[in-house]
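A short worksheet on the structure shown next.
In the text below, chain A, chain B and the rest are named by the order of the sequence lines, each starting its count at 1.
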2 protein chains.
Amino acid sequence: MMQNPNSSLYALRKSIISNLIDTSTMTNSGKITKLKKGDLVFKECDEFHYIYILLSGSIKTFTTINSGTEKITCFYYQDDIVGFSGIDTGRYPVSAKALEASSVFRIRFNDIEKLTDKHPNLQNNMLRLMSRQIHENQNLLSLLGKTQSEKKVASFLFNIYIQSCHSSTFTTLKLPMSRRDIGNYLGITEETVSRSITKLSQNNLIAISGKKFNIVDKMKLVELIDGHPV
Amino acid sequence: MMQNPNSSLYALRKSIISNLIDTSTMTNSGKITKLKKGDLVFKECDEFHYIYILLSGSIKTFTTINSGTEKITCFYYQDDIVGFSGIDTGRYPVSAKALEASSVFRIRFNDIEKLTDKHPNLQNNMLRLMSRQIHENQNLLSLLGKTQSEKKVASFLFNIYIQSCHSSTFTTLKLPMSRRDIGNYLGITEETVSRSITKLSQNNLIAISGKKFNIVDKMKLVELIDGHPV
DNA sequence: CGTGACCTTGAGTAGGTTCAATTTGCGTGG
DNA sequence: CCACGCAAATTGAACCTACTCAAGGTCACG
């Protein structure tokens, strides 16, 4: 039951995804959808029937507060599973929008329950994946508690680096979302995001150009964020 | 599958709790523990074997960051289930400490999986409860994104009011945690918490005295927090 | 009662926001 | 393929919120 958090997460996802795709071919409910930048996968208050495997691209989820302001709750990347926060109420509590050209594999949630005898681990794996998400959100909460914006931005970038699972520090990473989106997510303004990025870059912790960046000095970065990445 | 979020949550919890207690009596694994203020239920990195039903009192969970600083991730009240964020890695990612004299009912997690035939809904209900927690965390994230501390504190208090499920605005509610804990949780200092509380009280949105408070002007409070309580 | 933890209040300061101007980057159509 | 136009990003300056440091008050518990 005990594993390295990241490799286990990867294996867990792969297992779930393969089970889900198998399930969907049996029940004929699976469907691949291509998304353009800005396309909605589902929107807040839609009835919950499907979960989505993100085959490529990236997605943000957000809630719309009264005034029409959107508040970003999560970013999803390849192999993430999107939509299961709808399980409890039967409606999606957030909207999901593609940040770039993406593709998703849609699966009917009810079909998952039906096939527990064929894939006895599936439901338990789903539990574990959700537990994982709770865990991640708690880390994010810790991030938002940081006083300094520069730390928040540093943690955010480092988190993307971690999730990418690339071994080399020199791999170029992509920021599919805008500075405004990052600010929205981190609870700071886009100007402050920009200033923090500039500062991190000037101090040679990261190198960044537009939507592409990489980690230059991993140790100093970790030190800055107090050893507590998201 | 569709219900009123709060009443369904209540029913969901009750169902899970009764199933769990039934399970534990069959397997003889259940155990009630009385806790004094400050007692630990489990600590970070302990192996995950049990989940706990909070029979009475209140509990906080927190992670310890490098430097020894604690970061509070969640507060739990009566009938909450504590500990399932340990499912994914097999160890608790947080410590849990009693905020006051409390009692918990301990259940071995493995026993839950065994009894799926006796209680077929149990695992699914657990899924829903976890989905619910993800959902709640997302709301919290939204809260921490608010710029003004006064809004954060207002949301925090309002949330306690909502969770208490009391119908009357005039019911006196309890704040089992210290101002420092609230600040830690909300990402602000205890002084700012105190000032915000004073201001909310002066403007007659709430009435507060020490650890007891109540909502005086629910409408104005909701207006202040932009209709977006945690 | 006394003692320590918790809470409140005050004054000065640092850091983030706001508003505004400019620059950069990207997709579209000529 | 280049030029245009719009969206996104950067940078600057003034303001203001929340933090820090400090002192005093309150409450619970021995």
Side-chain angles (χ1 to χ4, degrees), chain A residues 36-38 58 60 69-72 97-101 143-157 174-203 206-213 224-226, chain B residues 36-38 58 60 69-72 97-101 143-157 174-203 206-213 224-226:
Chain A
K36 293 191 304 295
K37 178 178 177 176
S58 53
K60 68 174 173 184
T69 331
E70 68 178 48
K71 169 65 198 176
I72 296 172
K97 185 181 275 190
L99 291 167
E100 59 190 320
L143 163 61
L144 289 189
K146 287 185 205 308
T147 40
Q148 288 187 77
S149 334
E150 201 182 330
K151 288 190 180 184
K152 293 188 185 181
V153 174
S155 299
F156 181 78
L157 296 177
K174 203 186 164 197
L175 278 180
M177 71 296 288
S178 69
R179 304 291 195 265
R180 178 185 294 264
D181 279 347
I182 297 174
N184 183 314
Y185 182 67
L186 296 177
I188 56 184
T189 59
E190 62 178 315
E191 291 95 329
T192 302
V193 172
S194 189
R195 280 184 248 269
S196 300
I197 285 179
T198 303
K199 207 168 164 194
L200 288 171
S201 181
Q202 280 172 354
N203 295 342
I206 61 166
I208 190 162
S209 166
K211 304 255 182 218
K212 294 190 183 295
F213 77 101
L224 171 68
I225 60 190
D226 204 24
Chain B
K36 294 191 303 297
K37 179 177 177 175
S58 52
K60 69 174 172 184
T69 331
E70 69 179 49
K71 168 66 197 174
I72 296 172
K97 184 182 275 189
L99 291 167
E100 59 190 321
L143 164 62
L144 290 189
K146 287 187 207 305
T147 39
Q148 289 186 76
S149 329
E150 201 182 330
K151 288 190 181 186
K152 293 188 185 181
V153 174
S155 298
F156 181 78
L157 297 176
K174 202 186 166 196
L175 278 180
M177 70 296 288
S178 70
R179 304 290 194 264
R180 179 185 294 265
D181 280 347
I182 297 175
N184 183 314
Y185 182 66
L186 296 177
I188 57 184
T189 60
E190 62 178 315
E191 292 96 327
T192 303
V193 173
S194 189
R195 281 185 249 270
S196 299
I197 284 179
T198 303
K199 208 169 164 194
L200 288 170
S201 181
Q202 280 172 352
N203 296 340
I206 63 166
I208 191 161
S209 166
K211 303 254 183 217
K212 294 191 183 292
F213 77 101
L224 171 68
I225 61 190
D226 205 24

Between [X] ([atom1]) and [N] ([atom2]), how many Å, whole number?
X	N	atom1	atom2	answer
A:Ile208	D:dT10	CD1	P	7 Å
A:Glu191	D:dT10	CD	P	11 Å
B:Lys199	C:dT9	NZ	P	14 Å
B:Leu99	C:dA5	CG	P	18 Å
B:Lys152	D:dC19	NZ	P	8 Å
B:Arg180	C:dC7	CZ	C1'	11 Å
B:Gln148	C:dT17	CD	C1'	11 Å
B:Arg195	D:dA22	CZ	P	15 Å

Worksheet entry | Touch class at under 4.0 angstrom, heavy-atom based, for B:Gly183 against every strand present | nothing
Practice prompt. Looking at every strand, decide which applies to B:Ile197 at a 4.0 Å heavy-atom threshold: base, sugar-phosphate, or nothing.
Written response: nothing
Worksheet item: Which nucleotide sits closest to the side chain of B:Arg179: D:dA18, C:dC7, C:dT17?
Response: C:dC7
Item to complete: Can you figure out which of C:dT18, D:dA18, C:dT9 approaches the side chain of B:Thr192 most closely?
Response: D:dA18
Answer yes or no: does a side-chain N or O of [X] lie under 4.0 Å from OP1 or OP2 of [N]?
X	N	value
B:Ser149	D:dA18	yes
A:Thr198	D:dT10	no
A:Lys211	C:dC26	no
B:Ser194	C:dT8	yes
B:Thr189	D:dC19	yes

Worksheet item: To the nearest 0.5 Å, how far apart are CD in B:Glu150 and CD1 in B:Ile197?
Response: 11.0 Å
Practice prompt. Give a yes or no on whether a salt bridge exists between B:Lys60 and B:Glu70, defined as a side-chain N under 4.0 angstrom from a carboxylate O.
Written response: yes
Fill in: Given DNA chain C, 5'-ward residue of the pair A:Val193 and B:Glu190, judged by closest heavy atom
B:Glu190
Tell me, do [X] and [Y] make a side-chain contact under 4.5 Å, heavy atoms counted?
X	Y	value
A:Arg195	A:Lys199	no
B:Leu224	B:Asn203	no
B:Leu175	B:Phe156	yes

